[in-house]
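Since this is a predicted model, take the numbers as computed values, not measurements.
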Amino acid sequence: MELHAYWNQLRGRRSAPERNALDPGAIRGVLADTFVLDFDASFGFPFRIAGSRANALFLKELRGLSFLDLWRDADREEVDTILHSVADEAQAFLIGAEAGPPGLDAVGVEVVLLPLRHHGLTHSRVLGGFAPRSAPTWTGLIGAGPIALTSLRALNGSTQEAQAPEIAATADFSLRDTPKRYKHLFVYSGDRRTP
């Protein structure tokens, strides 16, 4: 929610903010979950940079690796299509997914993909983040295997006046409890709040 709210505030009335407008200090609470992808379909949308918790989920440095290669073979074409929609339509998406090592319990993960502009074009970079719903027992010992796509939602695509962060934070995300520190990761309990 924090990453989407910040992105939404930066873009204002535009469909996507400029990549050089990003200030890592402004998203320090979720920076470790955040990543930036190169919009390069021929190399599977490689990670340009990835935060430490994103790396810890897969137990490897993601920089330079293909984003598409993290997904099951059956889901790669759809994820490729989603990434093209992010750039072609400047549309933000929230992906529901499950990740886990083969033979062990998977963890629910939300993956947000947000378009960025570079010199006015949206076919350069994609801002994203991984938000695991809980910390499974294998975290930090074994890296997650291929991610399975479970749901997809286009986030509010209409441009609007820049909103205050507390207003923008209510946009189109599941409401979860505040993250709690678990070993080296911040995780969410997975319990839904009731209005």
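Of the possible donor and acceptor atoms, none in the side chain of Glu110 sits under 3.5 Å from a partner among the backbone N and O of Pro132. Between the Asn55 side chain and the Leu62 main chain, a donor and an acceptor come within less than 3.5 Å of each other. In this structure, the side chain of Trp7 does not engage the main chain of Gly128 through any donor-acceptor pair within 3.5 Å.
Side-chain contact between Val36 and Arg19 is absent, with no heavy-atom pair separated by less than 4.5 Å. Taking the side chain as every heavy atom from C-beta outward, Thr34 and Leu3 approach each other to under 4.5 Å. The side-chain heavy atoms of Asp23 and Tyr6, taken from C-beta on, include a pair separated by under 4.5 Å. Leu70 has its side chain out of reach of Val79: every pair of non-hydrogen atoms, C-beta onward, lies at least 4.5 Å apart. At least one side-chain heavy atom of Trp138 sits under 4.5 Å from a side-chain heavy atom of Val107. No side-chain heavy atom of Gln91 sits less than 4.5 Å from a side-chain heavy atom of Val86. Phe47 is listed as a side-chain neighbour of Leu37, based on a closest heavy-atom distance under 4.5 Å. Between Val111 and Phe35, the closest side-chain pair of non-hydrogen atoms falls below 4.5 Å.
The shortest heavy-atom contact between Ser66 and Gly44 is OG-O, 3.0 Å. Shown here for Ala41 and His84, the closest heavy-atom pair between the two residues is CB-CE1, 3.9 Å. When all heavy atoms of Pro115 and Ala90 are compared, the closest pair comes out as CG-C, 3.6 Å. The two atoms that bring Leu10 and Pro17 nearest to each other are CB-CB, 3.7 Å, heavy atoms only. Minimum interatomic distance between Leu83 and Phe39 (heavy atoms only, all atoms of both residues): O-CE1, 3.4 Å. Annotation for Val30 and Arg53: closest pair CA-NH2, 4.2 Å, computed over non-hydrogen atoms.
Take Pro46 and apply the side chain to side chain contact (heavy atoms under 4.5 Å, CB included) test, not counting sequence neighbours, and it matches Asp38, Asp40, Phe43. Partners of Thr150 under the side chain to side chain contact (heavy atoms under 4.5 Å, CB included) rule, at least two apart in sequence or in another chain, are Glu98. Residues meeting the side chain to side chain donor-acceptor pair (under 3.5 Å) test with Arg48, sequence neighbours left out: none. The side chain to side chain contact (heavy atoms under 4.5 Å, CB included) test applied to Leu31 returns Pro24, Ile27, not counting sequence neighbours. Listed by chain and number, the residues in a ring-ring contact (aromatic ring centres under 6.0 Å, His included) with Phe58 are Phe130 (sequence neighbours excluded). With sequence neighbours excluded, the residues that form a side chain to side chain contact (heavy atoms under 4.5 Å, CB included) with Arg76 are Asp69, Trp71, Asp73.
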**OP:** Verify side-chain contact (heavy atoms from CB on, under 4.5 Å) between Val109 and Ile147, making sure each step is shown before the conclusion.
**Re:** CA-CA 9 Å; Val109 178; Ile147 307 170; 5.8 Å; no

Subject >> Stepwise side-chain contact (heavy atoms from CB on, under 4.5 Å) test for Glu89 and Ser15 >> reply: CA-CA 9 Å; Glu89 302 165 22; Ser15 59; over 6 Å; no

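In this structure, Ser85 OG and Glu78 CD are separated by 10.0 Å, a value rounded to the nearest 0.5 Å. The CG atom of Asn8 sits 9.0 Å away from the CG atom of Leu155 when rounded to the nearest 0.5 Å. Residue Leu114 holds its CG atom at 9.5 Å from CZ of Arg11, rounded to the nearest 0.5 Å. Taking OG1 of Thr137 as the start and CG of Asp105 as the end, the distance is 7.0 Å to the nearest 0.5 Å. To the nearest 0.5 angstrom, Asp80 atom CG is 5.5 Å from Leu68 atom CG. The CG atom of Leu94 sits 10.5 Å away from atom CD1 of Ile82, with the distance rounded to the nearest 0.5 Å.
Side-chain N/O atoms of His123 and Asp88 include a donor and acceptor closer than 3.5 Å.
Applying the 6.0 Å contact sphere to CD of Glu77 captures no more than 12 heavy atoms from other residues, nucleotides or ligands.
No continuous path of hydrophobic side-chain contacts links Leu59 to Ile49 [ILVMFWY only; heavy atoms under 4.5 Å].
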